[in-house]
Amino acid sequence: MARKALRRQIGPTPNAAGDRMRDTVVFVSYRRDDTGPVALALRAELDLRLAGVPVFVDLNRIQGGDAWPDVLEDALRKARVLIALIGPNWAGMHDGAAPRLHDPNDWVRRECARALAHPSGAILPVLVNGAEFPPEAALPDDLRKMRTFNALPLRTQSWDQDLRTICETLAAKFALRVKRQDEMLPPSSAIKRLVEPLSDEALEALKRERRLPGWTIETVHDTTVTGAVREFLCKKFMFAKDGDAFAFMHRMSGITRKLKHHPIIEAKYADVTVKLSTWDAGHYVTAFDVKMAIALDRLAKRWRQR
């Protein structure tokens, strides 16, 4: 079976004035039907790139049973900066009715107006994929000041460069610390930079030989660093109880140290999902990943799996 048949596409520091309102959070304001996926991708990027700064996106952070307006108000009180994601329908046009942005109860309007009303002017407009600011006459009175702020672009075709610019602005204007490269990524390996990704034929042979039972190839849009496509060798290990799962993960550390290869691990109660990819080989599956997969399969045999 060719590789494409194996793949599964996954689709408080106060300021000089002593202000403590904006000492905790980067608040991402967006309209869900306009830039919802971009907001989640941006949150993943900022979580990785910023040091010690929670990033609030309401789609992810509001839990069932929470009072939605109270959660937003609390996050706005704590936010040091509000990033306003502006896409082609940021104004909220729908069915020929007046734009939602002109409704005083519209949360996008309320979020941005709240930031603009603060003396620090803690707002950073970001224009997504070529979107333009609405003209001043099209904005409600409490948002017209937004046009005086320098808006930054965030485009799919220049994702990494635009993100660097956004992070540099957050550091320079709002005193947020951006992580160094070695804080975000594993150390580079000269040996792994020379290894070739496995071909379709090699993956097919491994499947025929049953050397990777239960492992699949996934391709994922990598929002964490480059905006490029990453390839993973993946498997879910299912154990009878969570104690076995934790013991398995603990013993995995010996394998990672020995092979000098580090997986992504996701644990959910007694299930442990492992994702393997060789960063220095262009984010593809290589012999390093196969070697670790085989070692993990051997390790997992020590426990009785469901």
Side-chain angles (χ1 to χ4, degrees), residues 1-11 37 40-41 43-48 55 57 59-61 63-64 184-187 189 192 195 197-198 200 202-204 206-207 209-306:
M1 183 181 296
R3 177 179 301 190
K4 64 181 180 180
L6 291 170
R7 287 179 174 145
R8 177 166 60 87
Q9 190 72 28
I10 304 184
L40 294 182
R43 180 209 156 192
E45 293 280 6
L46 296 180
D47 276 343
L48 177 76
V55 180
V57 176
L59 188 63
N60 275 12
R61 299 296 176 92
Q63 304 299 313
M184 293 190 290
L185 306 176
S189 166
K192 292 179 183 179
V195 71
L198 291 180
D200 290 345
L203 285 170
E204 183 180 355
L206 288 168
K207 187 174 179 64
E209 296 165 10
R210 299 183 179 180
R211 294 180 61 194
L212 296 174
W215 291 88
T216 60
I217 295 291
E218 294 181 358
T219 54
V220 186
H221 184 76
D222 176 18
T223 64
T224 60
V225 177
T226 64
V229 169
R230 292 194 68 181
E231 184 174 84
F232 292 94
L233 184 61
C234 306
K235 184 172 182 177
K236 179 184 287 188
F237 294 89
M238 295 178 288
F239 298 90
K241 55 184 183 294
D242 60 346
D244 292 342
F246 286 121
F248 173 72
M249 289 187 290
H250 175 70
R251 297 193 184 185
M252 280 179 63
S253 62
I255 296 175
T256 61
R257 286 195 299 269
K258 180 178 179 180
L259 299 182
K260 297 181 180 180
H261 200 58
H262 298 83
I264 293 175
I265 305 169
E266 299 173 353
K268 295 182 179 179
Y269 185 57
D271 296 345
V272 178
T273 298
V274 177
K275 297 183 179 182
L276 302 170
S277 185
T278 304
W279 179 270
D280 292 295
H283 327 295
Y284 288 100
V285 173
T286 71
F288 287 95
D289 304 299
V290 173
K291 188 174 182 179
M292 173 160 277
I294 293 172
L296 293 179
D297 278 341
R298 290 172 180 165
L299 178 64
K301 287 181 180 178
R302 300 183 185 185
W303 289 274
R304 184 178 180 179
Q305 299 184 33
R306 289 191 300 227

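- Contact detail for L212 and A293: the closest heavy-atom pair is CD2-CB, 3.7 Å.
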Worksheet item: When you look at V272 and F246, which way does the side-chain contact (heavy atoms from CB on, under 4.5 Å) test go after all the steps?
Response: CA-CA 9 Å; V272 178; F246 286 121; over 6 Å; no
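- The CG atom of L233 lies 7.5 Å from the OG1 atom of T216; values are rounded to the nearest 0.5 Å.
- Here the closest non-hydrogen pair linking M252 and V274 is CE-CG2, 4.1 Å.
- Distance alone, capped at 3.5 Å, places no donor-acceptor pair between the K236 side chain and the G214 backbone.
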Would F248 and L299 satisfy side-chain contact (heavy atoms from CB on, under 4.5 Å), going step by step from the backbone distance to the final call? CA-CA 8 Å; F248 173 72; L299 178 64; 3.7 Å; yes
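- The line from CG of D271 to OH of Y269 is 10.0 Å long, rounded to the nearest 0.5 Å.
- Here the CG atom belonging to L276 is positioned 11.0 Å from the NZ atom belonging to K235, to the nearest 0.5 angstrom.
- Among all heavy-atom pairs drawn from M292 and H261, the shortest one is CE-O, 3.1 Å.
- Summarising the geometry, atom CD1 belonging to I217 is positioned 9.5 Å from atom CG belonging to D200; distances are rounded to the nearest 0.5 Å.
- When every heavy atom of A270 is checked against every heavy atom of A240, the shortest pair comes out as CB-C, 4.5 Å.
- Ion pairing between a basic and an acidic side chain is recognised when a charged N comes within 4.0 Å of a carboxylate O; D47 and R43 show such pairing.
- Although no hydrogens or angles enter the test, the distance criterion places a donor-acceptor pair under 3.5 Å between the side chain of D289 and the main chain of S277.
- In this pair, W215 and F237 present their aromatic rings perpendicular. The plane angle is above 60°, beyond the 30 to 60° band.
- Of the inter-residue distances, the one linking T256 atom OG1 with K258 atom NZ reads 12.0 Å to the nearest 0.5 angstrom.
- Taken from CE in M238 to OG1 in T273, the straight-line distance is 9.0 Å, to the nearest 0.5 Å.
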| Going through the checks in order, is the side-chain contact (heavy atoms from CB on, under 4.5 Å) test met by R211 and D297? | CA-CA 10 Å; R211 294 180 61 194; D297 278 341; over 6 Å; no
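- Contact detail for P197 and T286: the closest heavy-atom pair is CA-CG2, 4.0 Å.
- For E218 (side chain) and F232 (main-chain N/O), no donor-acceptor pair under 3.5 Å exists by modelled atom type.
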